[in-house]
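Heads up, the thing below is written out as structure tokens.
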Amino acid sequence: MGARRPLFQRPAIVEGRGSDARTRFFPPCRPCWPAFPDDRKAPMEDPKTNPLIQQRLDKLEALREAGINPFPNDFRPTHTAAEIVAAHGDAGADALGALDETFAVAGRVMAFRSFGKAAFVKLQDRSGAIQAYVRRDAVGTGAYQWFKRTDVGDYLGVVGTLMRTRTGELTVDAHEVRLLTKSLRPLPEKWHGLTDKETRYRQRYVDLVMSPRVRETFRTRARIVQLVRGFFQDRDFVELETPMMQPIPGGATARPFVTHHNALDMTLYLRVAPELYLKRLVVGGFERVFEINRNFRNEGLSNQHNPEFTMLEFYQAYATYEDLMGLTEELLAHVSRELTGSTRITYQGDEIDLAPPWDRLTVREAVLRHGEIDEAGVDDPAALAAYARGLGIEVEGLPHGKVLAEVLETVAEPHLVQPTFITRYPVEVSPLSRRSEDDPRFVDRFELYIARREIANAFSELNDPVDQLERFRQQAAALAAGDDEAHRVDRDYIRALEYGMPPTAGEGIGIDRLVMLLTDSPSIRDVILFPHMRPES
RNA sequence: GGGCCGUUAGCUCAGCUGGUAGAGCAUCGGACUUUUAAUCCGAGGGUCGCAGGUUCGAUCCCUGCACGGCUCACCA
């Protein structure tokens, strides 16, 4: 805990260090990537050994022999389930009977209740679900014969009129029913659904079929990204895309993934942040620019960390980190309101209000408020180091500023439930930030905490190329000395700054964590469709 | 890497003090033309994660391993 670093803290890249487990990600990949070993084949069971699948294969064969295509693609639904419910959900039985309209719906069979010469099927489509009633007398004996062999999981197309059942459910009274796709693999049990987390993540398609809540989470995710995009577009920001494969990975403290370009015979890194490229674009005249895309960090996995994750980064010229605090308040309040109609959300039992203004505390103030140390102690390196050691933090060789940042994370982070800006970070932990004019030991930077988690990191950008080169050089020296937080020198980035970058403020917001917050999801794996997993064994 | 928990039918889970395994759903056969986890009758389906050990006998006890979940640490 004490040694944990901010997710979005910037600085450099470290190569080749670490345990054997880690160096596996750094193979000597030339001239081309090694072939995948044979044992990577997916270890799915052989259908022939699963009697349930074999039965369905037999049904498939029987359909083909009867001249029925089990995978046709000529059925065109006229309505979704939700459209029908929206239009006629309130209509009584008489009104439905008087309706002179036929409806074609298609979907996956989620329930099949047969009565011998009639059956109810629940069809699930992208909008929801609707029930159909299929009678032998209505669809014909021939069609009914194979319809009776429908399996849960199959796709059906149904054409019919609307009716209301004895129990009051709006139902399509079929006069035509067609198999649209035969399903060969049985779905999980209908009542409990798919509960095994590993299977849910590995076979997300099944999870999505079975769990409305999961489908809703990812719809919400799409909506959040859309709202964020609209927010910036409305404010004259341009969305651009910068390289994900970079010769010098920079902009964040993280180990990169390594890959290789065969034709150029060169090492490339998957980016850990778009930062240095987006600021090149500011140099080029895109005074307001943003990107929402993937970053890759070669790190451990946890509830809050996936090797690839989605980050929003945006840069605004002629603005400071203080301007971005206001903008961030607006952004999150806007997204929450559009999403839920309110700025109040519940996250894992905590009531959180995103309505501005949010608390603003300096690092020093936060430590004083939540830690057991007084002002004299915070400002005295020896006293603070002793306090940190008492908290279990490894402080050997760390400058005062880094110790302060560690103490902050240990003592204050667990209390930062309501949205809180933490400002005035030490320059030692902020190598790309602009120094504060009133005190060069600190930088013009904030991190936003909500629900005890870092959600955003922002600062007024360092645009003095001489200072930046000097900081890079110090990093390079530290790198040579074995400091795993050291940066590489990115000479092209310096060159860009030498042409002149207007005064600018920039910010990164972790989209996955934002989605977790707004969907009340406890794990990042709940908001990433296909989270990284070990290979199936 | 440490700790805790788990791995039994396609799915969800029981399984007592050690005596070669059960339920519901699903499947197959039969009945049933307004069901809501439909119902009723019948049937099939298991290398109890893997490998050792103890024992006359192990799903059960012991050891190791694999895989997974949670968590702590590391990555940061």
Side-chain angles (χ1 to χ4, degrees), chain A residues 1-14 17-22 25 43-45 47 49-56 58-59 93 109-122 129-139 144 148-149 151-153 163-174 183-203 206 209-210 252-256 272 297-305 307 392-394 402 405-406 409 429 454 457 483-485 522-523 525 533-537:
Chain A
M1 194 73 176
R4 191 167 286 184
R5 314 215 131 265
L7 176 63
F8 303 111
Q9 183 187 354
R10 314 214 167 180
I13 291 329
V14 184
R17 297 177 56 264
S19 64
D20 289 341
R22 235 164 244 299
F25 291 100
M44 289 186 294
E45 76 253 57
T49 67
N50 182 334
L52 279 75
I53 292 177
Q54 188 55 55
Q55 280 166 8
R56 293 190 180 200
D58 293 343
K59 285 185 184 179
V109 175
M110 297 305 289
F112 188 86
R113 290 185 274 271
S114 169
F115 292 84
K117 298 182 185 64
F120 288 95
V121 288
K122 183 174 153 196
I130 191 158
Q131 173 171 272
Y133 183 52
V134 180
R135 288 179 300 135
R136 192 183 67 178
D137 293 349
V139 300
Y144 198 81
K148 270 207 296 193
R149 308 197 67 190
D151 288 302
V152 170
M163 61 176 249
R164 202 165 280 283
T165 64
R166 208 171 273 164
T167 51
E169 182 162 345
L170 185 66
T171 300
V172 178
D173 188 9
S183 163
L184 298 180
R185 200 172 275 268
L187 288 169
E189 190 233 24
K190 60 189 169 193
W191 188 243
H192 296 90
L194 186 57
T195 57
D196 179 70
K197 284 190 186 184
E198 186 194 355
T199 310
R200 286 187 47 215
Y201 298 143
R202 283 193 194 282
Q203 299 184 42
V206 180
V209 167
M210 299 304 296
T253 302
R255 289 197 175 92
V272 295
R297 298 186 184 178
N298 207 334
E299 303 167 340
L301 284 68
S302 82
N303 268 354
Q304 294 173 56
H305 299 79
I393 299 170
E394 181 58 58
K402 285 196 179 185
E406 300 284 357
E409 285 168 32
V429 296
E454 185 193 349
N457 180 26
D483 179 354
D484 65 357
E485 295 186 0
S523 169
R525 289 179 164 188
M533 306 284 286
R534 291 172 193 274
E536 282 188 76
S537 58

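Every chain is numbered from 1, with letters handed out A, B, ... down the list of sequences.
- The pairing partner recorded for B:G68 is B:C5, the criterion being a Watson-Crick or G-U wobble arrangement whose two distances lie under 3.5 angstrom.
- No contact: A:R149 has no heavy atom under 4.0 Å from any strand.
- When the side-chain nitrogen and oxygen atoms of A:R166 are compared with OP1 and OP2 of B:U35, one or more of them lie within a distance under 4.0 Å.
- Across all strands shown, the partner of B:G19 is B:C56, judged by Watson-Crick or G-U wobble contacts whose two distances both fall under 3.5 Å.
- One interatomic measurement links the two molecules: CZ of A:F112 to P of B:U39, which rounds to 15 Å at whole-angstrom precision.
- Atom CE in A:M210 sits roughly 17 Å away from atom P in B:G10 (whole-Å rounding).
- For A:E169 against B:U34, no side-chain N or O and base N or O form a donor-acceptor pair under 3.5 Å.
- By the salt bridge (charged side-chain N to carboxylate O under 4.0 Å, His left out) test, A:R56 is found to be paired with A:D151, residues two or more places apart in sequence or in another chain being considered.
- At a threshold of 4.5 Å between non-hydrogen side-chain atoms, the residues A:T199 and A:L194 count as touching.
- Side chain of A:D151, nearest nucleotide from B:U71, B:C28, B:G68: B:C28.
- For B:C16 and B:A43, the C1' atoms lie 30 Å apart once the distance is rounded to whole Å.
- In this structure A:R136 satisfies the side chain to side chain donor-acceptor pair (under 3.5 Å) test with no other residue, sequence neighbours excluded.
- The partner of B:A73, taking Watson-Crick or G-U wobble pairs whose two distances both stay under 3.5 Å, does not exist in any strand shown.
- Within the structure, every side-chain polar atom (N or O) of A:K190 is placed at least 4.0 Å from both OP1 and OP2 of B:C11.
- Comparing B:C50 with B:G68, their C1' atoms are spaced 15 Å from each other, to the whole Å.
- Contact annotation: A:K197 side-chain N/O to B:C70 OP1/OP2 distance is under 4.0 Å.
- For the C1' atoms, the distance linking B:A58 with B:A31 amounts to 44 Å, nearest Å.
- In this structure, of B:A76, B:G10, B:G69, it is B:G10 that holds the atom nearest to the side chain of A:L52.
- Using C1' as the reference atom, B:C28 and B:A9 are 15 Å apart when rounded to the nearest Å.
- Using Watson-Crick or G-U wobble geometry with both donor-acceptor distances under 3.5 Å, B:U63 finds its partner in B:A51.
- With both ends at atom P, the span from B:U17 to B:C62 equals 13 Å, rounded to whole Å.
- Aromatic stacking is marked for A:F120 over B:U35, as both cut-offs hold: 5.5 Å for the centres and 30° for the planes.
- Atom C1' of B:G15 sits at a distance of 7 Å from the matching atom of B:G22, rounded to the whole Å.
- Closest non-hydrogen pair, A:A118 versus A:Y133, comes out as CB-OH, 3.7 Å.
- The side chain of A:S114 approaches B:C32 more closely than any other nucleotide in the set B:U35, B:C75, B:C32.
- Listed nucleotides B:C75, B:C28, B:C11 differ in distance to A:P188; the shortest reach to its side chain belongs to B:C11.
- Comparing the P positions of B:U27 and B:G69 gives an interatomic distance of 30 Å, to the nearest angstrom.
- B:C25 and B:C60: their C1' atoms are spaced 27 Å apart (whole Å).
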Can you give me the N/O atom pairs linking the protein to nucleotides 12-15 of chain B at distances under 3.5 Å, or say none if there are none?
unit_1 : atom_1 : unit_2 : atom_2 : d
B:U12  : O3'    : A:T195 : OG1    : 3.4
B:U12  : O2'    : A:H192 : ND1    : 3.4
B:U12  : O2'    : A:H192 : NE2    : 3.4

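- Nucleotide B:U39 has B:A31 as its partner under the Watson-Crick or G-U criteria, with both atom distances under 3.5 Å.
- Distance from the side chain of A:E299 is smallest for B:C75 among the nucleotides B:U34, B:U33, B:C75.
- Residue A:A405 comes nearest to A:V429 through the heavy atom pair CB-CG1, 4.2 Å, listed as atom of the first residue, atom of the second, then distance.
- For A:W191, counting side-chain heavy atoms from C-beta on, the closest listed nucleotide (B:A76, B:U33, B:A37) is B:A37.
- For A:N298 and B:A76, the shortest distance from a side-chain N or O to OP1 or OP2 is not below 4.0 Å.
- Residue A:K122 has no polar side-chain atom (N or O) positioned under 4.0 Å from OP1 or OP2 of B:A37.
- Residue A:T165 has its side chain nearest to B:U34 when only B:A76, B:U34, B:G69 are considered.
- Taking atom CZ of A:R56 as the reference point, atom P of B:C11 lies 13 Å away to the nearest angstrom.
- Taking the side chain as every heavy atom from C-beta outward, A:K117 and A:D137 never approach each other to under 4.5 Å.
- Minimum atom distance to the side chain of A:P186 is reached by B:G10, of the listed B:G10, B:A76, B:U33.
- Remark: B:C11 base-pairs with B:G24. Criterion, Watson-Crick or G-U wobble with two distances under 3.5 Å.
- Here the side chain of A:N303 is nearest to one of B:G68, B:U33, B:U71, namely B:U71.
- Proximity of A:R185 to the phosphate of B:C11: no side-chain N or O atom is located under 4.0 Å from OP1 or OP2.
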